[in-house]
Amino acid sequence: MIPASFDYVRPESVDEALEALTDAGEDAKIIAGGQSLMPLLRMRLAMPDTLIDLDRLDSLRDVRDDGDAIVIGALATHHRVLRDPLVRAHAPLLVRATAKVADPAVRHRGTFGGALAHADPASDLPAVAVALDAELLARSARGERRIPAADFFVDWMTSALEPDELLTGIRVPKPGEGWGVHYEKFHRTAQAWAIVGVACAVRRDDGRVGDARVALTNMGPVPVRCRAVEEALAGGAAIRDAAELAAEGTEPPSDLDGSAEYRTHLAAVLTARALAAAAAV
Amino acid sequence: MPRIRVEVDGSSYEDDVEPRLLLVHYLRDRLGKVGTPVGCDTTNCGACTVLMDGLSVKSCSVLAVQADGREVTTVEGLRAGHPMQRAFHEEHALQCGYCTPGMIMASIDLLRENADPSEDEIRDGLEGNLCRCTGYQNIVRAVRRAATEMRRPASEEVTS
Amino acid sequence: MTEVGSPRLRSEDARLVTGRTRWTDNMTPAGTLHVAYLRSPIAHARITRVDTEPAKGRPGVVAVLSGADLADEQGSLPCAWVVTEDMRLPEHPPMAVDEVRYVGEPVACVVARDPYAAVDALEEIDVDYEPLPAVVDMEAALEEGADLVHEGLGTNSSYTWVFENGDVDAALRDAPVLIERRYVQQRLIPTAMEPRSVLCVPEGDEFTLYSSTQIPHILRLMLATVTGVPEHRLRVVAPDVGGGFGSKLQVYGEEVIALLLARRLGRPVKWTESRSEGNMTVHHGRDQIQRLTLAAERDGRLRGIKVELLADMGAYLMLVTPGIPLLGAFMYSGVYKMDAYSLTCTGVFTTKMPTDAYRGAGRPEATFAIERLMDELAAELDLDPVEVRRRNWIRHEEFPYDTVAGLTYDSGDYESATERALELFAYDKLRAEQADRRERRDPVQLGIGVSVFTEMCGLAPSRVLGSLSYGAGGWEHASVRVLPSGKVEVVTGTSPHGQGHETAWAQITADRLGVPFEDVRVLHGDTAVSHKGMDTYGSRSLAVGGVALYSACEKVVDKARKVAAHLLEASEQDLEFSGGRFSVRGVEQEGRTIQEVATAAFAAHDLPDGVEPSLDSDATFDPENFSFPHGTHLCAAEVDTETGMVRLRSYVALDDVGKVVNPVIVEGQVHGGLAQGIAQALFEEAVYDAEGNLTTTTMADYLIPTAADLPEFVTERTETPATTNPLGVKGVGEAGTIASTPAVVNAIVDALRPYGVRDVPMPCTPERVWRALRDESPPDLAEPGAGGGLGSAGGAR
């Protein structure tokens, strides 16, 4: 299949990009790596009037240290994220999950920011951002704002970004010492989307799991933070018991890969496994 | 129409292209580089895999305008008798051959990342390239063979 | 004989690994116009209006045509297999005119200067549909008062075909053991990697049609029949073809329309499908519901089997649609002896893409049925599944054997194959591990699946095909041209698309003629070059076409012998032919190479009386019987009882394909066959929703396995030569697919049998496995998973 025609803009700076966004209005689409967007364009499921290509905004590709956090440029490719020493040191969960995103060729093009802005609850990284309490940095002509990941994912394929806003970076807090992490991706074939995914980070406290951060992929229209599990663990519950609460408050979809009922079951099983794996580190 | 400048398999090209033109169609229909085929429309099959600035990409999921200023290597641009091509032949790693150009380019990329991959690493590393004929076993063998070949110092390659 | 049997690397590879390939879509002659299709978004509807006018005004658009515009010339797509006298065979216009009956059926097309312009103009075609009821469920479709796919037929049944041998009712009556099951063979999408593509180039009133097809010869005849273009004005070329698996054994509407458009517009016309288009409109495979009753004695000996089959035809009958289940009808007794068998098969119309040949075509379904039932019988009798097979299979000394299904198996040695397979698999050790895991109540259970199979292939004997009302014969043709320089051109009627005929045929020729392998070139896939042939499908190429080639080579040698005798002034009887050289027995230095003889035959200065110039010869071969490859496959599967995830741990395929021409190619065929059979068991299913929409239109939804989803296969062979052809060869293309599906499902069910699981429907997705576990109460074990350590299960990738 072949995309429908569109106008094409390739801004040379963030300011130019913001200007282009404002000019183009609602029917514009931003393309970063394009690995989620290109299939939609080709199937004509997306038919924007204008495509704004961020390819030249090299300033958004870097990862930098920001004191108690690292800031990952929105255009850092998955490939870059996997290799970046700052990410590896301070966001190992992101590294684990990114390694499970699609395949090497897609990871060469696809970007962290693009994967989040696309807001697909079946993709792996939104849950990671939520689990890590990341903040998403959005800029517009009106200024910059920080959006907590928990507020960023509004609905299925819908983010909190305004039409004139550009995601420029992701601020991931440094977790401190003693955390173990795991991303459990459960899918039918290596290429397939996660039926359910579990992103978690845990800190062992006196031989027990104390602090934990858990979020789920594809258990609803947006990534789900499993507060009930976290609280149960904080309250001293055993992993298996806490994990039983994983699906609480979720609205899992039913599709070809699995029913809502099955996903609910999987959420508990996989959360238990992910926590155990993370705790073993 | 945007004007792009691309280096493909060692030659330079400058063309006006529609923004929506897919890189793979640019290669095939404008440059006559039909060695790179198209197998799907959802970035799943990998038949169209080429190297862009040295990294594997699926050329059906890149716009030609996004290749502007970059260097593209297709299967046609490999030096004659590239060890990966030889290995695919020697291990019978292809039958109909339709996935082969993409599979070879993805395998070359895999070895760039990891010069001595295990069987599992090869299987995982090639998950973005579908083959319907071989069951993959001989592809895995071919990549192992090519890895051995390519790790061998150049002098030894000449003499052996 | 040095070439045959040797692991020659393929000569095809040189162009394929370098991208110097001639796929149909790689050819774009000057002036080529491109076609795009508007397809029905509705499963069943009356077309009340098609407005093509706005599309005609789009830039670059040369023509826009609806079905009505083509109605006078497009004819009806052919069905070559009228399986019963009263079979209902509806009209099948290449482009729908009044009514659409499946999602994806062509409704209009745009012809434009480039594919982008063609696709854009599709958006401007306006079609009004008056929806009619979708007919999705085969069983419901046969009920009284069901909505009809073809109103005029008055029923959704196309035909009912019956086979009976022995008294099956008596066998079932008061049988000590009866196993009754209902199995569903889900619908599959063949998914050759090369999408379909067709290019038709007109030259005056003659046409060359290039197509990604398995059947250039059959296609030419059928296109001529459908369109009225005289057969001798039409050349069909199958250039490099990127896989078929049966899906390109078809006469597609898009091929017919390419010819019509080229005739109408006088310019080359090309169409290449997108994958999402192809998933909807390349014919599908399988889709049968089997009701099975197996009767046995208490010691496990089989009495008979009763099979009631529903086969989903889809909306129309395509080239061999109705015959596919019948190719399985002769295989329900598998490798076993029994006295009674009956099969009733009803072909059912639904508002879905038609089904037709997909790797194995009928035989995987039958093999699955009998091999699953044998495991169920073993469980019922508390016997080892291998033992119950051993008690029933045909012993090697009993061949040739007339089966209850009416075939004569010429040869086989199931005992040796099974013995070796068990050894390679370490069967006893795995059984011990299985027992241990059961004992430990490991959340990951181990299952062992057995499949002892044979299949009929090498399609094949024209007389048999005739008796089944098939529309054509099953012979194959080859010709051998010995060029003046002594180089050899082989022309074959087979049409390879990945099978390596260029290599294997050269091996056969090199041996027979005593010429170097490199001196032989194999030509195929072009009706102007290969004027006779029945093409490639049904694992027939070697067992029929390879044998035709062998015979043609024999004729060359016979003729060369005459010429050589003349040149050497010796009698033919005194000549020896060895290593490509004729010599006078006892006078070794007196001789002529076959190349020298060829040159002499070309010059024709001094030929014996009655001998025509050149050594060229040709031959057809029409076997007296099918070939019957067989083997024993063993699969070990780990099943995560908490998630339902299945992981194949090991797989042994012990195949007997008779004499082997090229072991490298044979192994490759087995690997690929296994991958597709395993995929049916675990991953693939074409899913239509209740409204008849295909929901698996992309590769993101229709999951074919990646390298990471398949195990390393262990393959080995025994070699029991076929007795029905001089090469002793059997087909190999489908064996792996046929054998592996039941091996995998047997392994899964075996793992879960202590939990009371007797079946998991295919594909055995994690959810289905989980549901099978949940729906059964576990009699032998405590709660599944209890006692397992966290994170110790690890079954998920």
With side chains defined as the heavy atoms from C-beta onward, is the minimum distance between [X] and [Y] less than 4.5 Å?
{"X": "H108(A)", "Y": "L51(B)", "answer": "no"}
{"X": "T42(B)", "Y": "R42(A)", "answer": "no"}
{"X": "L51(A)", "Y": "L63(B)", "answer": "yes"}

Proximity breakdown for [X] and chain A, heavy-atom pairs closer than 4.5 Å:
{"X": "N44(B)", "result": "both"}
{"X": "V65(B)", "result": "both"}
{"X": "C40(B)", "result": "backbone"}

Could you grab the distance from atom [atom1] of [X] to atom [atom2] of [Y], nearest 0.5 Å is fine?
{"X": "C45(B)", "Y": "Q191(A)", "atom1": "SG", "atom2": "CD", "result": "8.5 Å"}
{"X": "L55(B)", "Y": "R107(A)", "atom1": "CG", "atom2": "CZ", "result": "12.0 Å"}
{"X": "T49(B)", "Y": "D103(A)", "atom1": "OG1", "atom2": "CG", "result": "7.5 Å"}
{"X": "R109(A)", "Y": "T43(B)", "atom1": "CZ", "atom2": "OG1", "result": "11.5 Å"}

For this session: Return the minimal non-hydrogen interatomic distance between S56(B) and P104(A), and the atom names on each side.
Result: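 Looking at all heavy atoms of both residues, the closest pair is OG-C, 4.3 Å.
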Problem set entry | Nearest non-hydrogen partners of S61(B) and M38(A), listed with the distance |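 Closest heavy-atom pair between S61(B) and M38(A): O-CG, 3.2 Å.
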Problem set entry | Side chain / backbone / both / neither for M43(A) at chain B, heavy atoms under 4.5 Å |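 Contact with chain B: side chain only.
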Problem set entry | Portion of L41(A) that has a non-hydrogen atom of chain B nearer than 4.5 angstrom | neither
Exercise. When only pairs under 4.5 Å are counted, which of E113(B), H25(B), E18(B), M105(B) shares the most heavy-atom pairs with chain A?
Worked result: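 The candidate making the most pairs under 4.5 Å is E113(B).
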Exercise. How about R5(B): does its CZ atom have over 12 heavy atoms from other parts shown lying under 6.0 Å from it?
Worked result: no
For this session: Verify the neighbour count for atom CD of E26(A): are there more than 12 heavy atoms of other residues, nucleotides or ligands below 6.0 Å?
Result: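 Counting other residues, nucleotides and ligands, CD of E26(A) stays at 12 neighbours or fewer.
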For this session: Specify which of I31(A), L37(A), D7(A) makes the most heavy-atom pairs with chain B at under 4.5 Å.
Result: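 Answer, by heavy-atom pair count under 4.5 Å with chain B: I31(A).
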